[in-house]
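As structure tokens, the structure follows; a few thoughts come after it.
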Amino acid sequence: MSDFNKYSKLVTQDDTQPAAQAMLYAIGLKEEDFNKPLIGVASTGYEGNPCNMHLNDLAVDVKKGINSNGGVGLIFNTIGVSDGISMGTFGMRFSLPSRDIIADSMETVVQGLNYDGLVTVVGCDKNMPGALMAMLRLNRPSILVYGGTVASGNCHGQKLDIVSAFEAWGKKVSGSIQEKEYKEVIQNAIPGAGACGGMYTANTMASAIEALGMSLPYNSSNPALSLDKKKESNKAGIQLMELIKKDIKPSDIVTKKSLENAITLVSILGGSTNAVLHFLAIADTAGIRFDIDDFQRISDKTPFIADLKPSGKYLMEDIHKIGGVPIIMKYLLDKGLLYGDCLTVTGKSLAENLKDIPTLDFNQNIILPLEKPIKETGHIRILKGNLAEEGAVAKITGKEGLVFRGKAKVFEGEFEANKGIKEGKVEKGDVVVIRYEGPKGGPGMPEMLKPTAAIMGAGLGNDVALITDGRFSGGTHGFVVGHITPEAQVGGLIAFVKDGDIIEIDAQNNTIHLEVSIEEINRRKLDWEAPNLKVKRGVLYKYAHTVSSASEGCVTDKF
């Protein structure tokens, strides 16, 4: 297998590397193993998060698949940060930086130990883009395995998920539910292992990566604790060895066309705005020209047809029951919305993978026909204007309306906003402005699920808009605009908004505008100085000094 172990043979076949070989014997390798490819199996499994708690077991299934097909699987671990646990705390500032730490650590292990290929076993949403960025940097045969979605919770016959818990807090604060009912919701929202169940960021990224071609069919929709997920994990290990034999690398799979397939599926499903950040970073890592205007171009021509949470009713488990993501992609391919000739990790084209998939039956209410969409264009809107000269990202499903004009209610950060909402300072007609939460100002560009869920829970979801230079969870819904660039920390116009200023958000014309004269804006700028960073050293300090703008994907290796 000398052609198949071109990296590992530098340590396994070279007589001048006796210490390396002694160490490999020490971990249990046999003489015959030294001629086989060494494959890294990178698990983001850890006990502290339901999205990740089962991943180490799946990594073992992957390793068995590798070993059964002529390779040597070697499991290693890297970090993860639970968005659900860190949300609303200072810890959420570490969530987005964890994406790049994951990419760095996977790249480091595979390069440092001369592995010939990589299978990543990932769960929570930053795990997936981080893993994919590492694969693209390495450009060695690779497959991504998503740990799968959690089953729905249940309380008094009502389906629950993670956002139910956040919104229960808003209902409790507003007085619409009591402590007992609140406790019942949070105790029953999440029944066990698996990623958050709606079309939030984890399921958005998993679905998009399947459409991209970097995971096996059904990877995104097979439930976390299903037998199908175990079998799929084993199959991924087997298939990785086929990629080794055929020398199929991520650069052969991730192209401009496959990226368009991924974003088309995000648009069809009503996926998370975090997909914009992550796919900008993925494209940048792949060396493919793909910017925020491409998202708008794809969204303009792609209807939104999935009635999925957070804006709809259904969960990923319901997608699984009607045939999974492949049956949706088959429908889109037949309608001419996907490029069928894109190569995938099966070694076949997308069209070949979908050839024998049955036709989508519309005798269900989860996925609607293209001719009868929820919204005729996609929900992701790239807004530009004096408030966002480099762009901002809105998630508009049409249920919130398409235009919002109101008075600014300004908060210097998320914690102040949460306090203000709790104290009733946010009123109907307000445009809530949360600033100094961008990639540099946060630092770390935290998600604003807690304030948006509180607004929803307080019954203000249809009457209040929220804008921020931070970002939103995939679980967020309502009239929200994030990723405002330039951010406040670097002197973007959002830094100069005052209470009572009129802001207009127009998701038809894709504009966001502060109705204040240029003369007044210039006067305000004279009195402004960039605030000190909230940290003085450590991970977030390094991140603030290396991260690019949100309009460029918040990458940390672009200087």
Would you find a donor on one side and an acceptor on the other, under 3.5 Å apart, between the side chain of Asn67 and the backbone of Gly73?
yes
So which atom in Pro486 and which in Glu390 form the shortest heavy-atom distance, rounded to 0.1 Å?
CG-OE2, 3.7 Å
Residues at least two apart in sequence or cross-chain that pass side-chain hydrogen bond (donor to acceptor under 3.5 Å, both in side chains) with Gln239, listed by chain then number, are none
Run the salt-bridge test on Lys126 and Glu447 with the 4.0 Å N-O cut-off and return the result as yes or no.
yes
Restricting to non-hydrogen atoms, name the atom on Asp469 and the atom on Pro439 that form the minimum distance, rounded to 0.1 Å.
O-CD, 4.3 Å
CA sep, side-chain torsions, deciding dist, call: Glu242, Lys245, salt bridge (Lys or Arg N to Asp or Glu O under 4.0 Å)
CA-CA 5 Å; Glu242 297 304 310; Lys245 294 168 188 175; 3.3 Å; yes
Would you find a donor on one side and an acceptor on the other, under 3.5 Å apart, between the side chain of Arg140 and the backbone of Tyr7?
no
Surrounding CD of Glu32 (heavy atoms of other residues, nucleotides or ligands, distance under 6.0 Å), is the total greater than 12?
yes
Contact check, side chains of Thr44 and Ile79, non-hydrogen atoms, under 4.5 Å
no
Would you say the side chain of Pro326 lies within less than 4.5 Å of the side chain of Ser221, judging by non-hydrogen atoms?
yes
Verdict with supporting geometry, Leu315 and Thr149, side-chain contact (heavy atoms from CB on, under 4.5 Å)
CA-CA 9 Å; Leu315 299 169; Thr149 187; over 6 Å; no
For the side chain of Asp61 and the backbone of Lys64, is there at least one donor-acceptor N/O pair under 3.5 Å apart?
no
On a heavy-atom basis, which atom in Cys554 and which in Leu277 lie closest, and how many Å separate them?
SG-CD2, 3.7 Å
Heavy-atom check, side chain of His278 versus side chain of Leu132, under 4.5 Å
no
With no hydrogens and no angle check, is any side-chain donor or acceptor of Asn203 less than 3.5 Å from a backbone partner on Tyr200?
no
I'd like to know whether Val555 forms a side-chain contact (heavy atoms from CB on, under 4.5 Å) with Val547, so could you lay out the CA-CA distance, the side-chain angles of the two residues, the decisive distance to 0.1 Å, and finally the verdict.
CA-CA 6 Å; Val555 294; Val547 68; over 6 Å; no
Quick one: does Met128's side chain get under 4.5 Å of Ser215's, heavy atoms only?
no
Can you confirm whether Asn5 sits close enough to Leu38 that some side-chain heavy atom of one is under 4.5 Å from a side-chain heavy atom of the other?
no
Supply the atom-to-atom distance Ile319 CD1 to Leu308 CG, rounded to the nearest 0.5 angstrom.
4.5 Å
Have a look at Pro223 and tell me which of His320, Lys321, Met316 forms a side chain to side chain contact (heavy atoms under 4.5 Å, CB included) with it.
His320
Output for pair (Leu138 CG, Leu118 CG), nearest 0.5 Å, gives 6.5 Å
Taking NZ in Lys348 as the centre, count heavy atoms belonging to other residues, nucleotides or ligands within less than 6.0 Å. Is the count above 12?
no
When rounded to the nearest 0.5 angstrom, what distance separates CZ in Arg137 from CD in Gln111?
10.5 Å
Answer yes or no: is there an ion pair linking Arg471 with Glu437, defined by an N-O contact shorter than 4.0 Å?
no
Do you know the tightest heavy-atom contact between Ala195 and Cys51?
CA-SG, 3.6 Å
Might you point out which heavy atoms bring Ile253 and Met214 nearest each other, and give the distance in Å?
CG2-SD, 3.7 Å
Gln21 side chain vs Val11 backbone, donor-acceptor pair below 3.5 Å
yes
Looking only at non-hydrogen atoms, find the nearest pair between Leu24 and Thr12 and report the distance.
CD1-CG2, 3.7 Å
Please report the interatomic distance OG1(Thr120) to CD1(Ile209), rounded to the nearest 0.5 Å.
8.0 Å
Tell me if a side-chain donor or acceptor on Thr302 pairs with a main-chain N or O of Ser299 at a distance below 3.5 Å.
no
Counting only heavy atoms not in Lys235, do more than 12 fall under 6.0 Å of its NZ?
no
Chi angles and distances behind the side-chain contact (heavy atoms from CB on, under 4.5 Å) call for Val122, Ile102:
CA-CA 10 Å; Val122 289; Ile102 289 165; 5.9 Å; no
Within the side chain of Ser551, is there an N or O that forms a donor-acceptor pair under 3.5 Å with the backbone of Gly391?
no
Counting N and O atoms only, with roles assigned by atom type, does the side chain of Ser8 sit under 3.5 Å from a partner on the main chain of Pro37, one being a donor and the other an acceptor?
no
Polar side-chain atom of Thr204 near backbone of Ser272 as donor-acceptor pair, under 3.5 Å
yes
Hey, do the aromatic rings of Phe415 and Phe90 have their centres closer than 6.0 Å?
no
Enter the distance from Glu352:CD to Cys342:SG here, rounded to the nearest 0.5 Å.
12.0 Å
Salt bridge check: are Arg289 and Asp291 linked by an N-O gap of less than 4.0 Å?
no
Rounded distance (nearest 0.5 Å) linking atom SG of Cys124 with atom CG of Asp83
4.5 Å
Give the ring-plane orientation class for Phe304 versus His379, where under 30° counts as parallel, over 60° as perpendicular and anything between as tilted.
tilted
Charged N to carboxylate O below 4.0 Å: is that the case for Lys229 and Glu232?
yes
Apply side-chain contact (heavy atoms from CB on, under 4.5 Å) to the pair Lys309 and Met199, showing each step before the final yes or no.
CA-CA 6 Å; Lys309 284 193 172 190; Met199 193 47 62; over 6 Å; no
Scan side-chain atoms only and decide if Asp341 and Ser349 contain a donor-acceptor pair under the 3.5 Å cut-off.
no
Less than 4.0 angstrom from a charged side-chain N to a carboxylate O is my criterion; do Lys36 and Asp33 meet it?
yes
Taking the side chain as every heavy atom from C-beta outward, state whether Leu29 and Phe34 have any pair of such atoms under 4.5 Å apart.
yes
Side-chain heavy atoms of Leu280 within contact of Phe295, under 4.5 Å:
yes
Any non-hydrogen side-chain atom of Tyr115 less than 4.5 Å from a side-chain atom of Val109?
yes
Just by distance, do the side chain of Lys534 and the backbone of Gly441 share a donor-acceptor pair under 3.5 Å?
yes
Quick one, Tyr218 with Glu210, criterion side-chain hydrogen bond (donor to acceptor under 3.5 Å, both in side chains). Give me CA distance, side-chain angles, the key distance, then yes/no.
CA-CA 8 Å; Tyr218 298 100; Glu210 186 173 332; over 6 Å; no
Salt bridge or not for Lys231 and Asp228, using N-O below 4.0 Å?
no
For Tyr541, does the OH atom sit with more than 12 other heavy atoms under 6.0 Å from it, leaving out its own atoms?
no
Between Asn261 and Ser258, do the side chains contain an N or O donor and an N or O acceptor separated by less than 3.5 Å?
no
